[in-house]
Amino acid sequence: MNKNYNYLRRRLIIPEYGRHIQEMVDSLLEIEDRDERTRQAKAVIAVMGNLNPILHDSAEFAHKLWDHLFIMSDFRLDVDSPYPRPMREELEVKPEKLEYPQSYISHKHYGKNIIRMLNRVAYADASQARGEMDNILRYMRNKSVEYNQEIPTGEMIANDVLTLSEGAIFLGDDCLQKIEMENKTASSRQKSVKRQQQKSRQPQKGGRKTTQRHNSQK
């Protein structure tokens, strides 16, 4: 008994349609009469459309089916199509290589956009710069905590701002006080979370007493 495995068969050009549709397309190439070949091609298009009946009435979907028909025939099928035939050269065109920006980032945990934000604040009005600067400092503090696993001091954030802005932004005492206040709030939250975790890990004394009483009654 001869076994017909898929790896021994011809490779499918568009596997989503299956081997039976591919065999139908191959049979179209054997029809000599052009009118009959066009009529049979429309029948194959109808069968291909039944695989996705929801999109059957869409004009773009019909155009895509005819393109797939020509592709599956290896661009050898000669029929009257309601749409222009696709060209092999158009489908095999490789996209241009995307050039990624290569620039040095001194503080990678802040990201590259933080420099643009600081440059924007440096040339903004005083009222607008104050509101945006508060958000930037809060963002830098959170990112520093994620990266260093510790809460940065106000002096550390101020030095980073001075370095990233190339000396254009110098934080005053009021900004440093806000950072220290937020650090204290964050530190107290961390301590409360640790206390709750330690309490949840400790065994309940009531459960032990209940067990001892139960054993004594036995």
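Predicted model, so just to flag it, every value in this text is computed and none were measured.
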- prompt: Is the closest side-chain heavy-atom distance between Ile21 and Met72 below 4.5 Å?
  reply: yes

- prompt: Are Asn135 and Arg138 linked by a side-chain donor-acceptor pair shorter than 3.5 Å?
  reply: yes

message: Using 0.5 Å steps for rounding, measure from the CE atom of Met117 to the CD atom of Glu132.
response: 7.5 Å

field: Heavy-atom side-chain contact between Thr153 and Glu180 under 4.5 Å
entry: yes

query: Any sub-3.5 Å donor-acceptor pair from Arg37's side-chain atoms to Ile31's backbone N or O?
result: yes

message: Applying a strict under-4.5 Å side-chain criterion to I, L, V, M, F, W and Y, I'd like to know whether Ile71 and Val79 cluster together.
response: yes

task: State, without any angle test, whether Asp160 and Tyr110 hold a side-chain donor-acceptor pair at a distance under 3.5 Å.
output: yes

query: To the nearest 0.5 Å, how far apart are CG in Asp33 and CZ in Arg39?
result: 9.5 Å

message: A side-chain contact here means heavy atoms from C-beta on lying under 4.5 Å apart; do Met140 and Lys143 qualify?
response: no

- prompt: Which atom names give the shortest non-hydrogen contact between Ser144 and His109, and what distance separates them?
  reply: CA-CD2, 4.1 Å

- prompt: With side chains defined as the heavy atoms from C-beta onward, is the minimum distance between Pro86 and Trp66 less than 4.5 Å?
  reply: no

- prompt: Taking atom CG of Asp80 and atom CG of Asp35, what is their separation to the nearest 0.5 Å?
  reply: 7.0 Å

- prompt: Considering only heavy atoms from C-beta outward, does the side chain of Phe70 approach that of Ser81 to under 4.5 Å?
  reply: yes

message: Please check: side-chain N/O of Ser27 versus main-chain N/O of Met24, any donor-acceptor pairing under 3.5 Å?
response: yes

field: hydrophobic_cluster_shared for Tyr147 and Leu118, side chain cutoff 4.5 Å
entry: no

task: Go through the steps to decide whether Gln22 and Ile13 satisfy the test side chain to side chain contact (heavy atoms under 4.5 Å, CB included), and finish with yes or no.
output: CA-CA 8 Å; Gln22 183 63 54; Ile13 300 177; 4.2 Å; yes

query: Does a sphere of radius 6.0 Å around CD in Glu155 hold more than 12 heavy atoms from other residues, nucleotides or ligands, not counting ones at 6.0 Å or beyond?
result: no

- prompt: Around atom CD of Glu23, are there more than 12 heavy atoms of other residues, nucleotides or ligands at under 6.0 Å?
  reply: yes

query: Would you say Tyr139 and Ile169 are hydrophobically clustered, going by side-chain heavy atoms of ILVMFWY under 4.5 Å?
result: yes

- prompt: Are the side chain of Arg85 and the backbone N or O of Leu77 linked by a donor-acceptor pair below 3.5 Å?
  reply: yes

task: Locate the shortest heavy-atom distance separating Pro152 from Val145; write the atom from each residue and the value.
output: CD-CG2, 3.8 Å

message: For Ser73 and Leu29: C-alpha separation, side-chain torsions, deciding distance, then whether side chain to side chain contact (heavy atoms under 4.5 Å, CB included) applies.
response: CA-CA 8 Å; Ser73 67; Leu29 301 175; 4.3 Å; yes

task: Would you kindly say whether Glu146 and Asn142 are connected by a side-chain donor-acceptor distance under 3.5 Å?
output: no

query: Heavy atoms, side chains only, cut-off 4.5 Å: are Met133 and Val161 in contact?
result: yes

message: Test of understanding: clusters of I, L, V, M, F, W, Y form through side-chain heavy atoms closer than 4.5 Å, transitively. Do Phe75 and Met48 belong to the same one?
response: yes

task: For residues Tyr17 and Leu12, determine if any side-chain heavy atom of one lies less than 4.5 Å from a side-chain heavy atom of the other.
output: no

Shortest non-hydrogen contact between Ala41 and Leu69, atoms and distance: CB-CD2, 4.0 Å

- prompt: Just wondering, are more than 12 heavy atoms of other shown residues or ligands nearer than 6.0 Å to CZ in Arg88?
  reply: yes

- prompt: Should Ile136 and Ile114 count as side-chain neighbours, where that means a heavy-atom distance under 4.5 Å?
  reply: yes

field: Lys42, NZ atom: more than 12 neighbouring heavy atoms under 6.0 Å
entry: no

task: Considering non-hydrogen atoms only, spot the tightest contact between Pro84 and Asp67 and give its length.
output: O-OD1, 4.1 Å

field: Atom pair NE2/NZ of His107 and Lys112 - distance to nearest 0.5 Å
entry: 16.0 Å

message: Would you say that more than 12 heavy atoms from the other residues, nucleotides or ligands in this model lie under 6.0 Å from the OH of Tyr83, or not?
response: yes

- prompt: For Glu166, does the CD atom sit with more than 12 other heavy atoms under 6.0 Å from it, leaving out its own atoms?
  reply: no

